[in-house]
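Numbering starts at 1 and runs along the sequence shown.
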Amino acid sequence: MRQLRVLIQKEILDILRDKKTLVMMVVVPVLLYPLIIIGMSLMMTMFMGDSQEHVHLVGISDTYAEFAGELEQLYEKNKDDLERRLEFVTADPADQAVRDEVEVWLDVTRDSLLHVAIEYASTDQDARYAQETVENLMELYCEEQVVRSLEAEGLPESILHPVTYETEDLASVSESLGMDIGGSIGLMLIVTILLGAIYPAIDATAGEKERGTLETLLTLPVTNFQMIGAKYVSVALFSCVTAVISLLSLGGSVLFLIYGIAGAGMEETQFLSFSGILTMLPVLMVTMITTALMISALCMCFCVFAKSFKEANNYVTPLMLVIMFASMAAMIPSVTLDYRTALIPVVNVSLMVKQIISQQFDLRLAGLTNVVNVGCSLLVIWVLAKIYNSEDILFTDGFCSFRLFRARRELQFGTVPASGDLVITVTVLFLLILYIGSAATVRLGFAGTAVNQLLILAVPLFAVWYMKADWKKLFSLKIPEWKKVPGAVLVWVGAWCGGMGLSFLLSPLMSESMQNLELAFEPVAEEPLWFLVLVIAVMPAIGEEIMFRGYLFGSLRERTKVRWAVVISALVFGAFHMSLIKLLPTFLLGAAFASSVASTGSLWVTMILHFLNNLLSLIAMKFPEQTGRYLPFLVEEKASVAVTAALLTAGVLCAGCGIAIFRTKKSVRQDIRIS
């Protein structure tokens, strides 16, 4: 602990030397929130007051001066309800000077009925206010004319309005306020915490490299745990201080604004009571602190790859955009905090802030939110510790080694794609599928799926050709070790059974995603069988295996441990299927295929297994009645608890047996060949 304390003091002093940290930690929260909330509110109030005092000119043809007089009388009678001030001017329609002066012109014509066209410029805000007021006035005029007609005929007014109704909003002002601005407040809090964590994280990671002190630090008689712990505690400390200051500053600004309005004439009981605020403040404070811990760990994980302050800023920018996008989920009215959204980091915090402000606080969901934040923090810290144990990451170019950006003549044959190349390739492939693939699907229907599969095949092949990589080694296109093939089959069966069981478990929680998936595949069953086999079974078995188990997994296992290569390639494989309900099952399938490539040494095995996997799904989709006779759970939307448990159990047993086969010693022939 003494060594850890000394390291923490050293890190804090290093961070405090950078004045940008103090600005982001103290000055921005303390000054920015009052300026934004109170200043902008006062400015809007001032402008609204000025606009309400503004007199809007309404022009009418002098031919209909009588109609203008009736409108003016009706306006004088109801001007307190219409809010905006109007002044009516009659003139010749050909008088362009008057037409330019007025904000709204009423073009009146008469046949059997009176027709009024309200002409205005929507680009002029005052004209829009005038137009809205004139429309309300015309509605009153129409009602008055109807009443006069009924009186002339001796009919009661109730003949047109046999039923009267009114609406009453049972939500309090604070509940409405929470739904309206709660999402914005959560966004501001999270972004401020992020800004408070970025600069300390950069200084503690990339700053050490830029100053040339990381090597010296690693030679000290301290463990990696102590060094990483000191850096993380220092960064998290500044981030937590920023979170607390932001919460107090933002909360004080909002309360000042609310109670300022209440003191101006509204009843204070409509707003949050101080006792309610004090009750929720500790929970909100804890949530902000756990959020700061998670964001600090994420920032350090991204910045550790950089070798300079400028480079770290580039790396952390995508993280900032993702966090901002996730925190904006609370601004969507239909998205609320429940047991599903509470499991999504960042989103859960923003939704909880909205829930607290709208007085719909649920302590259980708040507890789950904090547990998720702490769990994600521990997971990211563990990943960070693994990174610091790898000298290849700490002292190499990291993400800067973009060979794809170099001239091809400068590259050597047999190079392995670096991490930067993998990021670029995956990103480009995703964008191509998003734009070109989506456009092809819209125009060509199911045939557009073939375009997606061609893109998945073409992108890695082009990258390997351009970088002059050893494609035979990267893609593992060689004869498999036959003794491990039964293990690959068992692992695939285990992943397939486990994926089916997980799908049945997740379907009640993601019913909407399940319905969207079913609707997407309904028209597919009408396609010819040969075309379905080609697009759904053959092309993915080739293209996706080349991309995810060849290019991606093959590159990762050359630069990191095999288990990490399996996990990362499986995560990317699952994410590319763009379906929440399929994410975990597809991840299991990707992990099984990657493990099979690592053990058998051949991509041909996983191509065949991938083909069989998709072919089985295709048969169940194309021939549901025949499939239901033998494997009924393949065509059922829901499965019983017994069937789900049986699938999960079979998955664990088959995968375990397959892994046991993988771990058997290699054949003597292969050992001799390797030696």
Side-chain angles (χ1 to χ4, degrees), residues 390 392-393 396-430 432-433 453-481 484-485 488 491 538-576 589-611 662 666 670 673-674:
S390 174
D392 291 337
I393 296 177
T396 55
D397 292 336
F399 286 121
C400 287
S401 53
F402 298 121
R403 291 181 175 85
L404 287 170
F405 291 157
R406 299 180 186 177
R408 189 170 185 267
R409 63 178 178 273
E410 299 177 0
L411 300 177
Q412 297 179 353
F413 284 96
T415 59
V416 177
S419 53
D421 301 319
L422 297 180
V423 171
I424 291 296
T425 306
V426 171
T427 303
V428 169
L429 177 58
F430 177 79
L432 289 175
I433 291 176
Q453 294 299 328
L454 290 175
L455 289 173
I456 293 175
L457 176 62
V459 169
L461 291 179
F462 173 80
V464 169
W465 169 81
Y466 188 86
M467 288 185 289
K468 302 179 181 178
D470 186 352
W471 59 273
K472 289 184 179 180
K473 179 180 179 182
L474 198 63
F475 295 149
S476 301
L477 297 177
K478 54 187 177 182
I479 298 175
E481 186 179 355
K484 301 295 180 67
V485 172
V491 169
V538 176
M539 295 182 72
I542 299 173
E544 293 181 7
E545 291 305 309
I546 288 290
M547 173 62 201
F548 297 105
R549 258 69 64 183
Y551 180 78
L552 184 58
F553 174 73
S555 301
L556 288 172
R557 69 176 175 179
E558 294 294 327
R559 299 188 174 275
T560 185
K561 295 182 179 179
V562 173
R563 61 174 178 270
W564 284 111
V566 169
V567 171
I568 295 173
S569 62
L571 282 174
V572 177
F573 179 63
F576 259 83
L589 195 65
F593 288 161
S595 301
S596 299
V597 172
S599 296
T600 63
S602 175
L603 200 66
W604 298 113
V605 176
T606 55
M607 284 184 178
I608 296 173
L609 294 178
H610 198 150
F611 170 78
F662 285 163
K666 296 181 179 180
Q670 185 174 3
R673 179 169 53 83
I674 292 176

Next on the checklist: Rounded to the nearest 0.5 Å, what separates atom OH in Y551 from atom CG in L422?
Outcome noted: 5.0 Å
Checklist entry - Is there a donor-acceptor contact under 3.5 Å from the side chain of T425 to the main chain of D421? => result yes
Checklist entry - Which residues pass the side-chain hydrogen bond (donor to acceptor under 3.5 Å, both in side chains) test with S596, sequence neighbours left out? => result none
Item to check | Donor-acceptor contact below 3.5 Å, side chain K484 vs main chain F662 | outcome: yes
Item to check | Over all atoms of both residues, closest heavy-atom pair of I546 and L461 | outcome: CG2-CD2, 4.2 Å
Next on the checklist: For a quick test of reading the model, state the closest non-hydrogen atom pair linking L556 to A565 and the distance between them.
Outcome noted: CB-CB, 3.6 Å
Item to check | Heavy atoms of other groups near F576 CZ, more than 12 under 6.0 Å | outcome: yes
Next on the checklist: Taking salt bridge (charged side-chain N to carboxylate O under 4.0 Å, His left out) as the cut-off, I'd like each qualifying pair that reaches into residues 540-550, sequence neighbours left out, listed once.
Outcome noted: E545-R549
Checklist entry - Is a side-chain donor or acceptor of S555 paired with a backbone partner of V416 at a separation under 3.5 angstrom? => result no
Item to check | For the student: nearest non-hydrogen atoms of A469 and L474, plus distance | outcome: CB-CD2, 4.4 Å
Checklist entry - Which pair of non-hydrogen atoms, one from F553 and one from A598, has the smallest distance, and what is that distance? => result CZ-CB, 3.8 Å
Checklist entry - Does the side chain of I456 reach to within under 4.5 Å of the side chain of I433, using non-hydrogen atoms? => result yes
Item to check | Trace of the side chain to side chain contact (heavy atoms under 4.5 Å, CB included) decision for L454 with M539 | outcome: CA-CA 8 Å; L454 290 175; M539 295 182 72; 3.7 Å; yes
Checklist outcome for this item: Rounded to the nearest 0.5 Å, the CD1 atom of I424 sits from the CG atom of L429 at a distance of 12.5 Å
Item to check | Smallest separation among heavy atoms of S476 and R557, with atom names | outcome: OG-NH2, 2.7 Å
Checklist entry - Between A488 and T600, what is the shortest heavy-atom contact and its length? => result CB-CG2, 4.2 Å
Checklist entry - Distance from H610 atom NE2 to L603 atom CG, nearest 0.5 Å? => result 11.0 Å
Checklist entry - Could you state the interatomic distance from CG (L457) to CE (M547), rounded to the nearest 0.5 Å? => result 11.0 Å
Next on the checklist: Under 6.0 Å between ring centres: does that hold for F593 and F573?
Outcome noted: no
